[in-house]
There are 2 protein chains.
Amino acid sequence: MAILSVELSINEKLYHRNPQRTELGRNILRHSILLLDELGLEGFNFRKLAERIGSTEASIYRYFENKQLLLVYLANWYWEWMRFRIDMKTMHISAPKEKLRVAISCIVDTAKRNTHIEFIDEDVLHRIVVAEGAKAYHNKEVDAQNKEGFFLSYKALCNRIANIILENNPSFPYPRALASSLLEMANNHIYFAEHLPRLTEVREAGDKLKQVEELLSYFAWRLVFPQVNGPEQELSPLPGSEDGQPN
Amino acid sequence: MAILSVELSINEKLYHRNPQRTELGRNILRHSILLLDELGLEGFNFRKLAERIGSTEASIYRYFENKQLLLVYLANWYWEWMRFRIDMKTMHISAPKEKLRVAISCIVDTAKRNTHIEFIDEDVLHRIVVAEGAKAYHNKEVDAQNKEGFFLSYKALCNRIANIILENNPSFPYPRALASSLLEMANNHIYFAEHLPRLTEVREAGDKLKQVEELLSYFAWRLVFPQVNGPEQELSPLPGSEDGQPN
DNA sequence: GAAAATATGATAGTTTTGCTATCATATTTA
DNA sequence: TAAATATGATAGCAAAACTATCATATTTTC
């Protein structure tokens, strides 16, 4: 379990002052993650965050223009981190199928990290991305923000996964669409299992992340290799258990 | 082109006063859709809406508790409307494949309506659902709101589609997950094509909705009928055109 | 058709959010 | 040691997110 001191590179236009470089900045990152998790984006604001870390609103505004951009920053951090993990874990693999399997396990975040970054709680950040991530790009400023490169990390991540898909099937017609759909599905089904279980077969009980991984594998395999049935081992990931849940 | 005067039934807990029943209520619905489309959820508020329709903030609060619940109301309206369309258009069909094809065309909203409701601009509402729909359930109150039944329409819709999937393949292990994923994918890929085109193969040019329909069909067919290739006609919906778009 | 109930508008006010400005002081860097 | 930079303290403002009250329509009911 190494301590990663390498700074992830995040688009500089996302902040006024680089939060990874100062004590206050790292405090803002650490506690914004915790507070966003507690309150949700709508309940969260810079005043509460300042209070929590014993600083002032004005100081926080010196780092981030507003909470939406802080969210975009955190999302970028997550996307960069996921791409880094995928690269790390697929680098030495040559078999395309195994690469795809590993990528999917990174997407659902089951590929347990052997690295930690002191000021980012990755599990809590994962929850935030699951619950609030889509809000990073669902707003009226998307086009302007996209022009500034705020979503380059997401696109690079998507592209990385799309390439692995193409390595498996060079004539697959929708590599990017499948990649982005796998990314979105991972978040959605984790969220649905917890809050709107009627929208998915993934169950809160047991290892939810493992189930999501199986779901994504099932989809990816059937789509990318139309005649085959699954990532070597399983044929039908989930027994069609009659659900007893009412919600 | 009939005028539908039937009131869609929306969970009564979503409003204080039924907006479909009064002139002001219908004005709120009509103009909230237009204004949400213009400003996005974050830029939208009841003051601006009141100004737009020549009423007052207080009057609008007599109908809806806040803008988030108004959004949930509109989303419910959309879900109910989609389910109604699917039922209408599949009712007389007995072939499961054809049912699924029709359902998908309803999901992406290409199944052009032959009905209109005077105070709802369905095309604009569709844009709102695409851009803001996910915010209806991504908030800290989901669990409480779910308990109140605010998402019953979405679940019923998802269930409807899941049943059509099962009619096509009774042993398909993820009918609900596929149904909700198709619903989410429809919105996402329309949005991506417009704002983040690197995340999808769907192109802004040409008939975007038709392309999304082909994408969803491709996915659904490969998943539900693993040996077959598409909804009768096409084998490979999109030629792998090298993309010249930079975003 | 009068009385009662209900809906709207007008106005005002409260609290919270989102954000900017200024100044003093601490800390770092040159 | 001087200069630059970062933070904290404080203040303030405009807008958002409501709530309350009262007068006047309008509708409903008896």
Side-chain angles (χ1 to χ4, degrees), chain A residues 7 12-32 35-36 38-74 119 132 135-136 139-141 144-145, chain B residues 7 12-32 35-36 38-74 119 132 135-136 139-141 144-145:
Chain A
E7 202 180 285
E12 295 186 6
K13 290 175 184 163
L14 277 169
Y15 48 80
H16 292 312
R17 197 169 289 173
N18 192 328
Q20 295 188 72
R21 296 244 173 99
T22 67
E23 199 51 43
L24 177 59
R26 287 185 290 269
N27 255 306
I28 290 172
L29 294 181
R30 172 167 41 235
H31 287 97
S32 66
L35 207 54
L36 272 167
E38 282 176 40
L39 307 176
L41 186 63
E42 287 72 31
F44 171 91
N45 65 42
F46 282 0
R47 201 173 305 229
K48 291 173 186 168
L49 176 58
E51 200 177 332
R52 174 72 62 104
I53 65 185
S55 178
T56 64
E57 224 181 330
S59 296
I60 294 171
Y61 275 105
R62 286 176 186 125
Y63 284 84
F64 291 103
E65 205 168 312
N66 56 51
K67 70 177 177 183
Q68 203 267 336
L69 288 182
L70 169 57
L71 178 69
V72 176
Y73 179 96
L74 293 175
F119 56 95
E132 320 278 355
K135 294 173 191 168
N139 67 69
K140 275 288 164 187
E141 282 78 41
Q145 295 186 349
Chain B
E7 203 179 284
E12 295 186 5
K13 291 175 185 163
L14 277 169
Y15 50 79
H16 291 312
R17 196 168 289 171
N18 191 328
Q20 294 188 74
R21 296 245 172 97
T22 68
E23 199 50 43
L24 177 60
R26 287 185 290 268
N27 255 307
I28 290 172
L29 294 181
R30 171 166 41 233
H31 287 98
S32 66
L35 208 53
L36 272 167
E38 282 175 40
L39 307 175
L41 186 63
E42 287 72 30
F44 170 92
N45 65 43
F46 282 0
R47 200 180 313 241
K48 290 172 187 169
L49 177 59
E51 200 176 333
R52 174 70 63 103
I53 66 185
S55 178
T56 64
E57 227 181 327
S59 295
I60 294 172
Y61 275 106
R62 287 179 186 122
Y63 283 84
F64 291 103
E65 204 169 313
N66 56 50
K67 69 179 177 181
Q68 203 267 337
L69 289 182
L70 169 57
L71 178 69
V72 177
Y73 180 96
L74 293 174
F119 56 95
E132 320 278 354
K135 295 174 191 169
N139 68 69
K140 275 288 163 185
E141 282 78 42
Q145 295 186 349

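The sequence lines fix the lettering, A, B, ..., with proteins before strands; numbering per chain opens at 1.
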Got a list of protein N/O to nucleotides 14-21 of chain C N/O distances below 3.5 Å?
unit_1  : atom_1 : unit_2   : atom_2 : d
dT17(C) : OP1    : Asn45(A) : ND2    : 3.3
dT17(C) : OP1    : Lys48(A) : NZ     : 3.4
dT17(C) : OP2    : Asn45(A) : ND2    : 3.4
dT17(C) : O5'    : Asn45(A) : ND2    : 3.3
dG18(C) : OP1    : Lys67(A) : NZ     : 3.4
dG18(C) : N7     : Arg47(A) : NH2    : 3.0
dG18(C) : O6     : Arg47(A) : NH2    : 3.3
dC19(C) : N4     : Glu57(A) : OE1    : 3.0
dC19(C) : N4     : Glu57(A) : OE2    : 3.3

_For Glu51(A), give me all partners under salt bridge (charged side-chain N to carboxylate O under 4.0 Å, His left out), at least two apart in sequence or on another chain._
none

*Can Arg52(A) and Glu38(A) be counted as an ion pair, charged N to O under 4.0 angstrom?*
yes

*Hey, does Ile28(B) have a side-chain heavy atom less than 4.5 Å from the side chain of Phe119(B)?*
no

*Pick base, sugar-phosphate or nothing for Phe64(A), based on heavy-atom distances below 4.0 Å to the nucleic acid.*
nothing

_Under 4.0 Å from OP1 or OP2 of dA7(C): is there any side-chain N or O of Tyr63(B) that close?_
no

*Is the phosphate of dG8(D), meaning OP1 or OP2, less than 4.0 Å from a side-chain N or O of Ser55(A)?*
yes

*Would one find a side-chain N or O of Ser59(A) under 4.0 angstrom from OP1 or OP2 of dT7(D)?*
no

*Using atom CD of Glu23(B) as one end and atom C1' of dT6(C) as the other, report the distance to the nearest whole Å.*
17 Å

*Between dA9(D) atom C1' and Glu51(A) atom CD, what is the distance in whole Å?*
15 Å

*Once Watson-Crick and G-U wobble pairs under 3.5 Å are found, how is DNA chain D written in dot-bracket notation, 5' to 3', with | for any base paired to another strand?*
||||||||||||||||||||||||||||||

*Do Lys140(A) side-chain atoms and Gly43(B) backbone N/O form a donor-acceptor pair below 3.5 Å?*
no

_Pairs meeting criterion side-chain hydrogen bond (donor to acceptor under 3.5 Å, both in side chains) with involvement of residues 40-49 of chain B, two or more places apart_ = Glu42(B)-Lys135(B)

*asked:* Whole angstroms only, please: what is the CG-C1' distance between Leu24(A) and dT28(C)?
replied: 15 Å

_Between C1' of dG9(C) and CD1 of Ile28(B), the distance in whole Å_ = 13 Å

*Give the nucleotide from the list dT7(D), dG9(C), dG8(D) with an atom nearest to the side chain of Thr56(B).*
dG9(C)

*Rounded to whole angstroms, how far apart are CZ on Arg17(A) and C1' on dT27(C)?*
13 Å

*asked:* Using 0.5 Å steps for rounding, measure from the CZ atom of Phe46(B) to the CG atom of Leu35(B).
replied: 11.0 Å

*asked:* Nearest 0.5 angstrom please: Tyr15(A) OH to Arg21(A) CZ, how far?
replied: 6.5 Å

*Report the residues that fulfil side-chain contact (heavy atoms from CB on, under 4.5 Å) with Lys13(A), sequence neighbours left out, ordered by chain and then residue number.*
Asn11(A), Glu148(A), Phe150(A)

_All side chain to side chain donor-acceptor pair (under 3.5 Å) counterparts of Glu23(B), not counting sequence neighbours_ = Arg26(B)

*Interatomic distance where NE2 belongs to His16(B) and C1' belongs to dC18(D) [whole Å]*: 11 Å

